[in-house]
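Computed over heavy atoms, backbone and side chain alike; hydrogens, waters and symmetry mates excluded. Chain letters run A, B, ... following the sequence lines, proteins first and then strands; every chain starts at 1.
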Amino acid sequence: MIRSEQETIRLSSLQQIRDLGIDPYPADEFIISHRSKDLAENFKIDKEVTMAGRLMSRRIMGKASFAELKDSEGTFQLYINRDEICPDEDKTLYNTVFKKLLDRGDFIGIKGKTFLTKVGEPSVKVSDITILAKTIRPLPAVKTDEEGKVHDAFVDPELRYRMRYVDLAVNDHVKDTFVARSKIIKAIRDNFNSQGWLEVDTPVLQNIPGGAAARPFTTHHNALDIPLYLRIANELYLKKLVVGGFEGVYEFSRNFRNEGMDRTHNPEFTVLELYVAYKDYKWMMGAMENLIGDVCKAVHGKTKATLAGTEIDFTPPFARVTMRDAILEHTGLDIDQHDEDRLRVECEKLGINNDSSMGRGKLIDELFGEKCEGNYIQPTFITDYPIDMSPLTKAHRDKPGYTERFELLINGTEVANAYSELNDPIDQKERFESQLALAERGDDEAMFIDQDFLRALEFGMPPTAGVGIGIDRLVMMLTDQTSIQEVLFFPQMRPESN
RNA sequence: GACCCGGUAGCUCAGUUGGUUAGAGCAUCUCACUUUUAAUGAGAGGGUCCUGGGUUCGAGUCCCAGCCGGGUCACCA
């Protein structure tokens, strides 16, 4: 293995540390009394503290030095005086260990007393240093100047995603995004648990990849000698639980789809699905408004957030527009006045590519996707989808040809999809069959038929409202990120060649 | 998958029309310095110019192929 100059020097330092009888990777617990942020916020001088973290920079001035210690909360300044840490004749700890053998990035533990420097910077006067873990590779030297300008930022997306540990170690704002992600998930859990809904786990490995229209990843189970699929959705399993008698179930489902990758798609992604018995999609819109308002507050302390320079207002209620009205508004086309053939002609006029495999619903979906979707920046419920695009959705109570379904759009992107769940087993069977017909017509997105799900419905499912929320996208909307890779710790990448 | 852009030191980046030994800042190393904060001053070292071909007296630079990434589009609810 070829080592860089800096790595070679660090390896040699590592050996010298060992030669001094110091373990560079000690096993002992290091007890921390304070962390940086808390210590700064409640700062008092002459407090005895022990702290641990990475040594991020050193400013050595002969017999005294300043250093930055970075822990999980932030950084804190250390003042290291030779005669304070080496009161006896032996000055090795300062002259050799601290000045020569430690490097930026090393984990150290310190003991000391708080004080204010001449210029008023809260600091710890160190009385002892313990090496906790020696680093071999140098961290990028990101520096921030007086004006807050960042120099030598570690910004190459490829390096950042492949070595997220480095990204997190040096780019504080990246950490903030993931802390926000965690807060969002916690806020959802708290909201749901407080209503008595149950968090459940359902299979990731499925015999039939159901509940969505997507290309699955396939694998093989050796003992059973059968193909298995990584789930593309967990919808059908959760509904089976509602059949079983749970009135509110939810799951943060890691889904897998063997499709393209871009700013808003990663092969594995997280969808929160929730099913509540005896409710309908109208009720669900209210539930979503409350939830997302709560979640926004958990992150920003208010129900507004900035996204790509625009303020997004998550204060309920959100706008509600039927799909028919949306298309009418943005294209002047009233879909209720056109059958499939005439709709195809109109799509042609509008420059929307179409082919004979596309049914009426698919054409409407294209029309909406191409001409309308991008216009909904503020949170908007698009309601009442055509029936042949929604095979798991209850037919609309008073609009023939439509379903009781809505999607929540934010910044022109679908964030949630919800409906009054179809619980009529006969209707469900027919819907699956028409999906099969679409597949035969050439639609490779048509759904698989899940016989066990149909059997479950025949045992009776109460009227139920269900929703799926794209958690990654929701996190993007609330953290001002425009790429899914910024909200996933380890986005999918092509393997490094080496 | 198509098109556009990029890949040069640990990090961020220059590199002219193709022309000596490929540069800068930070980082690293050596020396000095006991309240600094992008510490400072003096000195030094560090390169698979993404890979492989080609053109040329000569390639970081031009051409071809490939690899990796980013962006746009297509696909994908």
Side-chain angles (χ1 to χ4, degrees), chain A residues 2-10 12-13 56-68 75 77-84 94 99-100 103-105 115-123 125 135-163 166 170-171 211-215 232-233 255 257-267 269 271 353 361-362 365-366 368-370 373 382 385 389-391 405 407 409 413-417 444-445 447 468 470 473 482-483 485 491 493-498:
Chain A
I2 299 158
R3 290 292 192 177
S4 72
E5 181 198 31
Q6 293 192 46
E7 289 168 356
T8 309
I9 290 163
R10 281 161 183 248
S12 145
S13 299
M56 290 308 278
S57 72
R58 285 175 303 167
R59 297 181 288 279
I60 298 171
M61 296 163 299
K63 297 179 188 68
S65 303
F66 286 91
E68 300 295 328
T75 61
Q77 177 165 276
L78 306 179
Y79 173 71
I80 296 141
N81 183 301
R82 186 192 67 182
D83 299 327
E84 298 270 351
Y94 184 76
K99 276 170 69 176
K100 308 271 184 199
D103 291 288
R104 197 179 70 256
F115 77 110
L116 284 171
T117 62
K118 270 183 189 168
V119 290
E121 175 87 13
S123 308
K125 186 177 290 183
T135 60
I136 303 303
R137 295 174 187 256
L139 285 173
V142 181
K143 285 189 172 181
T144 309
D145 67 18
E146 290 158 339
E147 291 141 26
K149 232 171 89 182
V150 177
H151 296 258
D152 298 321
F154 181 62
V155 289
D156 182 334
E158 178 166 9
L159 295 176
R160 285 183 50 230
Y161 302 151
R162 287 194 195 281
M163 298 190 285
V166 175
V170 302
N171 291 330
R215 190 141 44 108
I232 55 175
N255 292 347
R257 297 186 184 178
N258 205 342
E259 293 165 352
M261 298 159 58
D262 61 29
R263 266 191 349 281
T264 54
H265 297 81
N266 192 68
F269 59 102
V271 173
N353 51 344
K362 180 77 179 165
D365 189 59
E366 286 291 321
F368 181 77
E370 287 296 314
E373 198 170 51
I382 302 296
Y385 282 61
M389 285 303 291
S390 311
R405 172 177 172 185
E407 288 193 358
L409 298 186
T413 307
E414 176 199 340
V415 171
N417 181 17
D444 55 5
E445 298 163 20
M447 282 188 191
R473 289 183 183 177
T482 51
S483 165
Q485 297 172 106
M493 300 283 275
R494 209 176 274 277
E496 290 177 79
S497 53
N498 275 334

Visitor: Measuring from the side chain of A/Arg59 (C-beta onward, heavy atoms only), which nucleotide among B/U72, B/U36, B/A38 has the closest atom?
Guide: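 Closest of the options to the side chain of A/Arg59: B/U36.
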Visitor: Give a yes or no on whether the backbone of A/Met389 and the side-chain of A/Arg405 come within a donor-acceptor separation of less than 3.5 Å.
Guide: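 Such a contact is found between A/Arg405 side chain and A/Met389 backbone.
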Visitor: In the structure shown, which nucleotide is the Watson-Crick or G-U wobble counterpart of B/C26, with both distances under 3.5 Å?
Guide: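 Looking at the geometry, B/C26 pairs with B/G10.
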Visitor: Hey, does the side chain of A/Arg257 reach the backbone of A/Ile232 with a donor-acceptor pair shorter than 3.5 angstrom?
Guide: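 Checked: pair present.
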Visitor: So which nucleotide does B/C31 pair with, by the Watson-Crick or G-U wobble rule with both distances under 3.5 Å?
Guide: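 Looking at the geometry, B/C31 pairs with B/G41.
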Visitor: Looking at B/U35, does its base get a donor-acceptor pair with the side chain of A/Glu121 below 3.5 Å?
Guide: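 Side chain to base: no pair present.
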Visitor: Both distances under 3.5 Å, Watson-Crick or G-U wobble: report the partner of B/U61, or none.
Guide: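 Paired with B/U61, as far as the under-3.5 Å criterion goes, is no nucleotide at all.
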Visitor: Tell which nucleotide pairs with B/G47, taking only Watson-Crick or G-U wobble pairs whose two distances are both under 3.5 angstrom.
Guide: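 Paired with no nucleotide.
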Visitor: Classify the nucleic acid contact of A/Val155 as base, sugar-phosphate or nothing, counting any heavy atom under 4.0 Å across all strands shown.
Guide: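 Sugar-phosphate only.
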Visitor: Heavy atoms only, 4.0 Å cut-off, all strands: where does A/Gln485 land among base, sugar-phosphate and nothing?
Guide: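 Sugar-phosphate, backbone atoms only, no base.
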Visitor: Please give the nucleotide sitting opposite B/U21 as a Watson-Crick or G-U wobble pair, both distances under 3.5 Å, or none.
Guide: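 Base partner found: none.
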Visitor: Name the pairing partner of B/U56, where a pair is Watson-Crick or G-U wobble with both distances under 3.5 Å, or state none.
Guide: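 In the structure as shown, B/U56 has no Watson-Crick or wobble partner.
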Visitor: Rounding to the closest angstrom, what is the interatomic distance between B/U48 and B/C31 at atom P?
Guide: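 After rounding to an integer number of Å, I get 27 Å for this pair.
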Visitor: Rounding to the closest angstrom, what is the interatomic distance between B/G47 and B/A42 at atom C1'?
Guide: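 Per the computed distance, 26 Å lies between those C1' atoms.
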Visitor: Just name whichever nucleotide pairs with B/A2, Watson-Crick or G-U, keeping both distances under 3.5 Å, else none.
Guide: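 Answer to the pairing question: B/U72, which forms a Watson-Crick or G-U pair with B/A2.
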Visitor: Sort me out a list of protein N/O and nucleotides 6-10 of chain B N/O pairs below 3.5 Å, or just none if empty.
Guide:
residue, atom, partner, partner atom, Å
B/G10, N9, A/Gln6, NE2, 3.4

Visitor: Write down the distance separating the C1' atoms in B/G15 and B/C49, rounded off to the nearest Å.
Guide: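 About 10 Å, rounded to a whole number of Å.
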Visitor: If I pick the C1' atom on B/C64 and the same atom on B/A59, what distance separates them, to the nearest angstrom?
Guide: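 Approximately 15 Å lies between the C1' atom of B/A59 and that of B/C64.
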Visitor: Please check: side-chain N/O of A/Ser13 versus main-chain N/O of A/Ile9, any donor-acceptor pairing under 3.5 Å?
Guide: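 Present.
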Visitor: Do side-chain atoms of A/Asn81 reach the backbone of A/Lys125 as a donor and acceptor pair under 3.5 angstrom?
Guide: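 Answer holds: no.
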